[in-house]
Amino acid sequence: MSEEKSSDFPSQKEIEKDISNYLTKKYGERIKIIGIHAQPEVADSSLIDKKNAAVSITHNFSIKPEELNAYLNEYVIRQDDAKAVLSTKICTHFNRIRHALTHPEHKEHGVGQIKNNVLLMGPTGVGKTYLVKLIAKKIGVPFIKGDATKFSETGYVGGDVEDLIRDLVREADDDLESAQYGIIYIDEIDKISSSANRIGPDISRGGVQRALLKPMEETEVDLKVPHDPISQMEAIERYRATGKRQRKVINTQNILFIMSGAFTGLADIIKKRVQKQSIGFGSIISNQKTSSHFLKQVKAEDLIQYGFESEFVGRLPVVSCLDELTADDLNEILLNFNCPVIVGKKLDFRAYGIHIQFAEEAIRQIADQSYTEQTGARGLVSVMEKILLPFEKKLPSTDIKFLAVSEELVHHPVRELERLLKEPDRATFHEEQFYLYEQKEKERLINFMRHAKSVYLEQHDIAVTETRLNLVAEQCQIKIMDTEVALDLFRELIEQIKQCANTISNKSGLKVIFSDEAIDWVLSRKSLTPEAIKGLCGDLL
């Protein structure tokens, strides 16, 4: 009798399955059983939302090349060719994925699909990395950056190129669905060109090129590797919970690869080819042309001669060259309201409660000094630090709360710091100059938004009024906020006001609307947060 009862008694797995089904029906997919002795695990709703959002991005991708190009124009000075190439090919890449996902009947049956992998060339500090990061931020897909010099051929000591794929999965919070539509950016790619005089296996150059061939096209990458203890532990836990061995892989078919490098010496190879072809009657050979002029004429044969294998070059069908930056370009970068150099320095001083503002003449001098260093936009950071480091060190220990960076301060920072500390009226002078520089910056900011952001506001059915432009400009200055972020905030607040009107209309049976003047009045009266706006509208109505 006891044997008969024991045979009918459910096993551990059956009990877990029944309990799991019951909890799922009652609480949904957020609850799952991970072991007979463990407590039910509640999945992190924020991670679920993040994964769903990432998947939704590719399924609902609708950004057009001109829209992405306009976004880049707000942050990046010059580089029109590179911005156009990246905007077009990246939008095409993700729109093509979206079309395939939403129209499975149009699935491509061809073999050897060619991805729009991109190669960016240009000297240091011209904005290669910055461009790619901006695009990844705008699109919202998982993005990682790697350095080509850290990798070696698979099987040798050093980083494995497939680790980039695994890092992309981790960046996507282990969500394979969103990771397979990510972007991998590899810098310093010119450093893995093979040496012509090399004897023996070239595992850190030619070997890395060969290792990148399959991921750049299409392959399956195993996420569990012997040298990764975390993936091994995850595999053990899955086996303990399910009793099955699962091979966790990701396909790289839709992962976009973007490579970049300075390619020092490539211009000389192109120059020889161009001059050899132009020898003859009427040919003009100029030695004054810049390296970027020749890089724009690059061909596959030049890259092969530089040290890249033909198969590797063939997997980078899109090539773009970035221009060298002039002193005027550096000045425009600093005058840009989204310039990370200026914004970063304002945040540095704001951390100590100190407000800093720059005169346009001072910005011009900083740009001129940076240009002499010949390191592109990176020179702006070093020059800025050299000028303001003494102030950043000393002022936090004083009661001085305003710093106006004038042309004189740029030329003689140590002398101006001593005057500011010793002369009692100098602090008042800096405060007055601060507000003067701030007002001039505000005027430029309003003019920028009036011309560059009017289309954005019209698309969201928001009237462009002087009051709103002033309020947005003030928010950008007070909170050191990106112009696009500030405009998004205002759009949400205006929608909040209209939503309050609709709520009151439904409750009272009366049609309540806010005129543009009334909306501006509400925005001017309260701190610009959704909660404050909602409270004020409720009191009014």
Side-chain angles (χ1 to χ4, degrees), residues 53-102 114-122 126-145 168 171-172 178-187 254-260 316-323 329 332-333 336-340 343 377 448-449 451-460 462 481-489 491:
V55 174
S56 177
I57 287 169
T58 49
H59 282 70
N60 302 315
F61 189 87
S62 60
I63 300 176
K64 305 297 189 295
E66 287 190 345
E67 181 184 348
L68 184 55
N69 194 83
Y71 169 78
L72 295 176
N73 284 335
E74 295 179 15
Y75 293 85
V76 180
I77 303 302
R78 286 188 65 185
Q79 315 304 358
D80 295 334
D81 179 65
K83 287 185 287 190
V85 168
L86 286 171
S87 300
T88 303
K89 302 313 296 184
I90 288 178
C91 283
T92 300
H93 174 77
F94 285 102
N95 275 298
R96 186 171 171 177
I97 292 173
R98 185 259 311 156
H99 181 80
L101 292 172
T102 55
I114 299 176
K115 285 193 291 184
N116 293 323
N117 296 324
V118 183
L119 175 62
L120 299 176
M121 297 187 297
V126 296
K128 299 187 292 293
T129 303
Y130 190 45
L131 272 170
V132 181
K133 285 184 176 180
L134 284 171
I135 291 172
K137 176 185 175 183
K138 176 67 174 178
I139 295 176
V141 297
F143 165 81
I144 60 159
K145 176 181 179 290
L168 187 66
E171 182 65 24
S178 59
Q180 66 179 334
Y181 304 117
I183 296 176
I184 293 179
Y185 173 60
I186 305 178
D187 198 11
N254 293 313
I255 295 176
L256 188 67
F257 283 80
I258 301 178
M259 317 278 187
S260 73
L316 291 167
V318 183
V319 181
S320 180
C321 176
L322 282 78
D323 300 313
D329 295 331
E332 287 296 316
I333 289 173
N336 188 294
F337 302 106
N338 300 317
C339 174
V343 170
F448 164 77
M449 287 189 293
H451 293 90
K453 288 298 185 180
S454 58
V455 175
Y456 169 88
L457 295 171
E458 290 171 1
Q459 286 176 343
H460 292 88
I462 299 174
M481 188 182 293
D482 187 295
T483 54
E484 182 159 318
V485 175
L487 285 168
D488 283 340
L489 171 63
R491 178 176 57 80

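Under the rule for a side chain to side chain contact (heavy atoms under 4.5 Å, CB included), the partners of Ser320 that lie at least two apart in sequence or sit in another chain are Asp81, Ala82, Val85, Leu120. For Lys128, there are no salt bridge (charged side-chain N to carboxylate O under 4.0 Å, His left out) partners at least two apart in sequence or on another chain. Under the side-chain hydrogen bond (donor to acceptor under 3.5 Å, both in side chains) criterion, Glu74 pairs with Lys453, not counting sequence neighbours. Take Asp482 and apply the salt bridge (charged side-chain N to carboxylate O under 4.0 Å, His left out) test, not counting sequence neighbours, and it matches no residue. Asn336 is linked by a side-chain hydrogen bond (donor to acceptor under 3.5 Å, both in side chains) to nothing, counting only residues two or more places apart in sequence or in another chain. The salt bridge (charged side-chain N to carboxylate O under 4.0 Å, His left out) test applied to Asp187 returns no partner, not counting sequence neighbours. Evaluation of the side-chain hydrogen bond (donor to acceptor under 3.5 Å, both in side chains) rule for Asp80 yields no partner, not counting sequence neighbours. Phe337 meets the ring-ring contact (aromatic ring centres under 6.0 Å, His included) test with Phe448; sequence neighbours excluded.
Across all non-hydrogen atoms, the minimal contact from Ile63 to Asn95 is O-ND2, 3.1 Å. Contact record, Leu168 with Ala179: CD2-O, 3.3 Å, taken as the closest heavy-atom pair. Pairing each heavy atom of Cys91 with each of Leu68, the nearest pair is SG-CD2, 3.7 Å.
Between Ile97 and Tyr181, some side-chain heavy-atom pair lies under the 4.5 Å cut-off. Contact check for Leu256 versus Asn117: side-chain heavy atoms found under the 4.5 Å cut-off. Side-chain contact between Tyr75 and Lys83 is absent, with no heavy-atom pair separated by less than 4.5 Å. In this structure the side chain of Asn338 reaches within 4.5 angstrom of the side chain of Thr483, judged on heavy atoms.
To the nearest 0.5 Å, the span separating CD on Gln79 from CG on Leu322 amounts to 4.0 Å. Within the model, atoms CG of Leu101 and CZ of Arg98 stand 9.5 Å from one another, a figure rounded to the nearest 0.5 Å. Met259 CE to Ile186 CD1: the interatomic distance, rounded to the nearest 0.5 Å, is 4.0 Å. Remark: His93 NE2 to Ile90 CD1 distance equals 8.5 Å, nearest 0.5 Å. Atom CD1 of Ile255 and atom NZ of Lys115 lie 6.5 Å apart (nearest 0.5 Å).
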Just distance, no hydrogens or angles: give the donor-acceptor pairs under 3.5 Å from side chains in residues 129-144, sequence neighbours left out.
| unit_1 | atom_1 | unit_2 | atom_2 | d |
| --- | --- | --- | --- | --- |
| Thr129 | OG1 | Tyr185 | OH | 3.1 |

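Sorted by first and then second residue, the salt bridge (charged side-chain N to carboxylate O under 4.0 Å, His left out) pairs involving residues 63-73 (not counting sequence neighbours) form an empty list.
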